[in-house]
Every structure is written in structure tokens, then in C-alpha cells.
Trainee: 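Here it is, the structure, as C-alpha cells.
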Amino acid sequence: MTLDICTLPMAFLFTSPGPVVVEIGPITIRWYGLLIASAVLIGVSLSQYLAKRRNVNPDLLSDLSIWLVIGAIPAARIYYVLFEWSEYAQHPERIIAIWQGGIAIHGAIIGGTLAALIFAKLKRVSFWQLTDLVAPSLILGQAIGRWGNFFNSEAFGRPTNLPWKLYIPIERRPPELANFEYFHPTFLYESIWDLMVFALLITLFFRSLAGKPRLRIGTLFMVYLATYSLGRLWIEGLRTDSLMLGPLRIAQVVSLTGIALGLAGLAWLYVRKRPLPDVVSPVKDTGE
């Protein structure tokens, strides 16, 4: 049977071309890994640039990036595997197959935060200063990394017939939804939301440099925490592959926690007008 591509609905074309970029002999380059590597490189360069603008040694951010990768990526995988243990217990050889997908951004944030805390303590620098410089890179990296889900045909939402519907091959659909072809492209929703948060953080950063207004140390990370979590909260409600703990979607529980922590941090900074607890003695900052 021959299909005329011109007669197919546009949504049919909105489907993954596959997870592999190229195969050269035994070497396979996958979109997922390529996008993560690109996000890291772009993020490091951006953080170094922002550090220069704040008169912080950019080499500090280069060193920190190594710690973040070591802390974030394994933690993201461990987080995912733990909540999908019933599957991985039957196929333990898949636990390290990170190139097939299956990492959780909340695990990465937890692992990266712990790594940054240790780094800041060892280097005797402000943890919150570091997080402010990393936050824009982090959310931009998330926007880029979400496209790895597209190429793996994963992290999609409920069935839909909207014009921007995403075609999912039958082998990638949940068994109970095997008769549906088109789904919400939740990876795209989150990528767009992340780009909006990135634009907000960068705008705040450069307005602060101009003194309109000058931000207290830790503000950018708290804004990141609250705004990213807000978007993830509603997007997660559309997904079909949420990590669950009983009847609860773990990502929504963590997102609610993130919103609460972000708002509490901002209230501490601007209502109480006090610096956030840090690993070094707080600097007096009426702004930065």
C-alpha cells in the first residue's frame, strides 16, 4: 500500500523521526544524549557570561559545571528508576541505559543542589550567588532537553484532536490507549514554558544590573523555583506516564513544594528583608 504524503493530515508529520542521529559502525549518536550535551555546553557558556556581568570569576562556574553534571545526571536517573522500580527490577540491565530516556528533572535539581552546596562550602563562596548565575542556564537547558522526549516518543499527554496534536507510534503508546493515534505534545508545552521562564529570568538579571530594581542574592533562583514549578504542575496533569506514589503524581507534589519554597524565599527576601541562610557569612545586600 502506498501513502501519498500530501493527503496525510499535518499532525501525521508531527512525529519523531527516531531516537538515533547517526550510526557509524559500532558508534551510535542519539538525539537524547546530543541534546543533553548541547544543553550543558550552552549552559556553562551562559553562566560564565552572566558571572562576568556580576563581577564573579567565570572559572568558578566552569568548575561548578563539572560538579553539577556529576551530581545531577546520576541523581536524575536514580530518581526515575526508584519510582519505576517494579519495571527495572525485572530488567536490571536497563538501569544504566540512560540513552533510552528515563531521567527526572526533579532528581537532577535535587542532585545538582546538593553538589552546588558542597562546592560552595569547599570554595567558601555564596551558594545563592551561584544559584542565581546557574538558574537561567538551568531552565534553558530544560527547554532544550525536553526535545529529547520528542525524539524518543515519550513524555506525551492524553489523547487529543487539537491542530498541534502529536502522532505516537503504536509501540510507544500505553496499552490502554493503543487505539488512539494523537496525543498532547506535553514535551513541547514544557519546552515553551521553560523558554518563557528563561526570558523572565534574563530580563530580571539585566534590569538588576541597571538598578531597576536591584535584586537580592537568591532572588533569581527563587523565581525559577516558583515559576518552573507552576508550569510543571499543570502540564504534569496532562501526561500519561507520570511517576506515581499511590494515587499521587510525584511531579505535582514536588511542584507544589517548589512553588511554596520559591514564594517563601521571596517573602523572606523582600517582606522580611533578610538574606537567605548561606554557607558563607551573608553579605549586606540591599540589592547586589
Trainee: Taking the side chain as every heavy atom from C-beta outward, state whether L209 and R53 have any pair of such atoms under 4.5 Å apart.
Mentor: yes
Trainee: Within a strict 4.5 Å, meaning less than it, do heavy atoms of the L243 and L82 side chains meet?
Mentor: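 No. Closest side-chain heavy atoms not under 4.5 Å.
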Trainee: Of all residues at least two apart in sequence or in a different chain, which pass the side chain to side chain donor-acceptor pair (under 3.5 Å) check with D59?
Mentor: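 Side chain to side chain donor-acceptor pair (under 3.5 Å) list for D59, sorted by chain: empty.
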Trainee: Kindly compute the distance separating CG (D194) from CG (L201), expressed to the nearest 0.5 Å.
Mentor: 10.5 Å
Trainee: List the atom of T15, the atom of P169, and the distance in Å for their closest heavy-atom pair.
Mentor: OG1-CD, 4.3 Å
Trainee: So which heavy atom on S62 is nearest to which on Q48, and how close?
Mentor: CB-NE2, 3.3 Å
Trainee: Consider only side-chain heavy atoms of I, L, V, M, F, W and Y, link residues closer than 4.5 Å, and tell whether F198 and F206 are in one cluster.
Mentor: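 Both belong to a single hydrophobic cluster.
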Trainee: So, for S191 and A143, which heavy atoms are closest and what is the spacing to 0.1 Å?
Mentor: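 Of all heavy-atom pairs spanning S191 and A143, the closest is OG-O, 2.8 Å.
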Trainee: What heavy-atom pair brings L50 and P136 nearest, and what distance separates the two atoms?
Mentor: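 The answer is CD1-CG, 3.8 Å.
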Trainee: Quick check: does any side chain N or O of W164 sit under 3.5 Å from a backbone N or O of H184, one acting as donor and the other as acceptor?
Mentor: no
Trainee: Find out whether F156 and P174 are in side-chain contact, i.e. whether some heavy atom of one side chain is under 4.5 Å from a heavy atom of the other.
Mentor: yes
Trainee: Running the 4.5 Å side-chain criterion over Ile, Leu, Val, Met, Phe, Trp and Tyr, what cluster does I70 land in, apart from itself?
Mentor: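 Members other than I70 - counting any ILVMFWY side chain reachable under 4.5 Å - are I66.
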Trainee: If you group Ile, Leu, Val, Met, Phe, Trp and Tyr by side-chain heavy-atom gaps below 4.5 Å, do I259 and V253 land in one group?
Mentor: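 No; V253 is not reachable from I259 via cluster members.
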Trainee: Which pairs with one or both residues in residues 121-155 pass ring pair (Phe, Tyr, Trp, His ring centres under 6.0 Å), sequence neighbours excluded?
Mentor: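 For residues 121-155, and leaving out neighbouring residues, the ring pair (Phe, Tyr, Trp, His ring centres under 6.0 Å) pairs sorted by first residue read F14-F150, W31-F151, W147-F150, W147-F187, F150-F187.
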Trainee: Please check this pair: side chain of S208 against backbone of L204, looking for a donor-acceptor N/O pair closer than 3.5 Å.
Mentor: no
Trainee: Are any non-hydrogen side-chain atoms of L220 and L215 less than 4.5 angstrom apart?
Mentor: yes
Trainee: Is there a donor-acceptor pair closer than 3.5 Å between any side-chain N or O of R173 and the backbone N or O of F180?
Mentor: yes
Trainee: Kindly give the heavy-atom pair with the smallest separation between G265 and L276, and that separation in Å.
Mentor: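 In terms of heavy atoms, the two residues are closest at O-CD2, 4.1 Å.
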Trainee: Kindly state each residue pair satisfying side-chain hydrogen bond (donor to acceptor under 3.5 Å, both in side chains) with at least one member in residues 261-270, sequence neighbours excluded.
Mentor: T219-Y270
Trainee: Please report the interatomic distance CD1(I250) to CG(L245), rounded to the nearest 0.5 Å.
Mentor: 4.0 Å
Trainee: Are the side chain of Q90 and the backbone N or O of S86 linked by a donor-acceptor pair below 3.5 Å?
Mentor: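 A pair under 3.5 Å: yes.
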Trainee: Assess the residue pair Y224 and Q142 against the criterion (side chain to side chain donor-acceptor pair (under 3.5 Å)); give the C-alpha distance rounded to whole Å, side-chain angles, the decisive distance to 0.1 Å, and a yes or no.
Mentor: CA-CA 12 Å; Y224 157 79; Q142 290 174 235; 2.6 Å; yes
Trainee: Apply side-chain contact (heavy atoms from CB on, under 4.5 Å) to the pair Y32 and E154, showing each step before the final yes or no.
Mentor: CA-CA 11 Å; Y32 205 91; E154 62 186 5; 3.3 Å; yes
Trainee: State, with a plain yes or no, whether a side-chain heavy atom of T240 is found less than 4.5 Å away from one of L177.
Mentor: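 Yes, their side chains come closer than 4.5 Å.
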Trainee: Could you check whether W85 and Y80, counting side-chain N and O atoms only, form a donor-acceptor pair closer than 3.5 Å?
Mentor: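 The answer is no; no qualifying pair exists.
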Trainee: Under a 4.5 Å cut-off applied to non-hydrogen side-chain atoms, are S137 and I42 in contact?
Mentor: no
Trainee: Taking the hydrophobic residues Ile, Leu, Val, Met, Phe, Trp and Tyr, and joining any pair whose side-chain heavy atoms are under 4.5 Å apart, which ones share a cluster with I170?
Mentor: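 Besides I170, the hydrophobic cluster comprises nothing; the residue is isolated.
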Trainee: Roughly how far, to the nearest 0.5 Å, is OG of S47 from CG of L133?
Mentor: 7.0 Å
Trainee: List in chain and number order the residues that pass ring pair (Phe, Tyr, Trp, His ring centres under 6.0 Å) with H106, two or more places apart in sequence or in another chain; answer none if no residue qualifies.
Mentor: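 Counting only residues at least two positions away or on another chain, H106 forms no ring pair (Phe, Tyr, Trp, His ring centres under 6.0 Å).
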Trainee: Any non-hydrogen side-chain atom of Y228 less than 4.5 Å from a side-chain atom of I105?
Mentor: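 In short, these two side chains touch, coming nearer than 4.5 Å.
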Trainee: What pairs meet the salt bridge (charged side-chain N to carboxylate O under 4.0 Å, His left out) rule with one or both residues in residues 35-44, with sequence neighbours excluded?
Mentor: none
Trainee: Could you work out, with salt bridge (Lys or Arg N to Asp or Glu O under 4.0 Å) as the rule, every residue matching D241, not counting sequence neighbours?
Mentor: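 Expected list: R239.
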Trainee: Keeping R77 on the side-chain end and I103 on the backbone end, is there a donor-acceptor pair under 3.5 Å?
Mentor: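 A pair under 3.5 Å: no.
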Trainee: Rounded to the nearest 0.5 Å, what separates atom CD1 in I139 from atom CG in L200?
Mentor: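 Interatomic distance, I139 CD1 to L200 CG, rounded to 0.5 Å: 10.0 Å.
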Trainee: Rounded at 0.5 Å granularity, tell me how far CG in L61 sits from CG in L68.
Mentor: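 The CG atom of L68 is 9.0 Å from CG of L61, to the nearest 0.5 Å.
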Trainee: Does the pair K165/E181 count as a salt bridge with the N-to-O cut at 4.0 Å?
Mentor: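 The answer is no: the pair does not qualify as a salt bridge.
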Trainee: Going only through I, L, V, M, F, W and Y residues with side-chain contacts under 4.5 Å, is there a path from I36 to I78?
Mentor: no
Trainee: Taking D132 for the side chain and I217 for the main chain, is one N or O donor matched with an acceptor at less than 3.5 Å?
Mentor: no
Trainee: Taking a hydrophobic cluster as the set of Ile, Leu, Val, Met, Phe, Trp and Tyr residues connected by side-chain heavy atoms closer than 4.5 Å, whether directly or through intermediates, do M196 and M222 fall within one such cluster?
Mentor: yes
Trainee: So if I apply the side chain to side chain contact (heavy atoms under 4.5 Å, CB included) rule between T227 and each of L225, L230, V223, which one comes out positive?
Mentor: V223
Trainee: Salt bridge (Lys or Arg N to Asp or Glu O under 4.0 Å) with R146: which residues, sequence neighbours excluded?
Mentor: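 For R146, the residues satisfying salt bridge (Lys or Arg N to Asp or Glu O under 4.0 Å) (neighbours in sequence not counted) are E190.
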Trainee: Using the side-chain hydrogen bond (donor to acceptor under 3.5 Å, both in side chains) rule, collect all pairs that involve residues 247-257, keeping only residues at least two apart or in two chains.
Mentor: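 Checked against side-chain hydrogen bond (donor to acceptor under 3.5 Å, both in side chains) - neighbours excluded - the pairs reaching residues 247-257 are S242-R249.
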Trainee: According to a 4.5 Å side-chain heavy-atom criterion applied to Ile, Leu, Val, Met, Phe, Trp and Tyr, with indirect links allowed, do Y49 and L64 form part of one hydrophobic cluster?
Mentor: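 In one cluster with Y49: L64, yes.
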Trainee: Has S229 got a side-chain atom pairing as donor or acceptor with A226's backbone, closer than 3.5 angstrom?
Mentor: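 No, the answer is negative, given that no donor and acceptor are paired below the 3.5 Å cut-off.
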Trainee: Run the ring pair (Phe, Tyr, Trp, His ring centres under 6.0 Å) test against F83 and tell me which residues pass, sequence neighbours left out.
Mentor: Y79
Trainee: For residues 237-260, which residue pairs pass the ring pair (Phe, Tyr, Trp, His ring centres under 6.0 Å) check, not counting sequence neighbours?
Mentor: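 Listed by first then second residue: nothing to list.
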Trainee: Please tell me if the side chains of V56 and Q129 come closer than 4.5 Å, counting only heavy atoms from C-beta onward.
Mentor: yes
Trainee: Between S65 (side chain) and V44 (backbone), is there a donor-acceptor pair under 3.5 Å?
Mentor: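 No; zero donor-acceptor contacts below 3.5 Å.
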Trainee: Over all heavy atoms of both residues, which pair between G218 and L269 is shortest? Give the atoms and the distance, please.
Mentor: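 For G218 versus L269, the nearest heavy atoms are C-CD1, 4.1 Å.
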Trainee: In Å, rounded to the nearest 0.5 Å, how long is the span from CZ of F221 to CG of L261?
Mentor: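 If I round to the nearest 0.5 Å, the distance is 9.5 Å.
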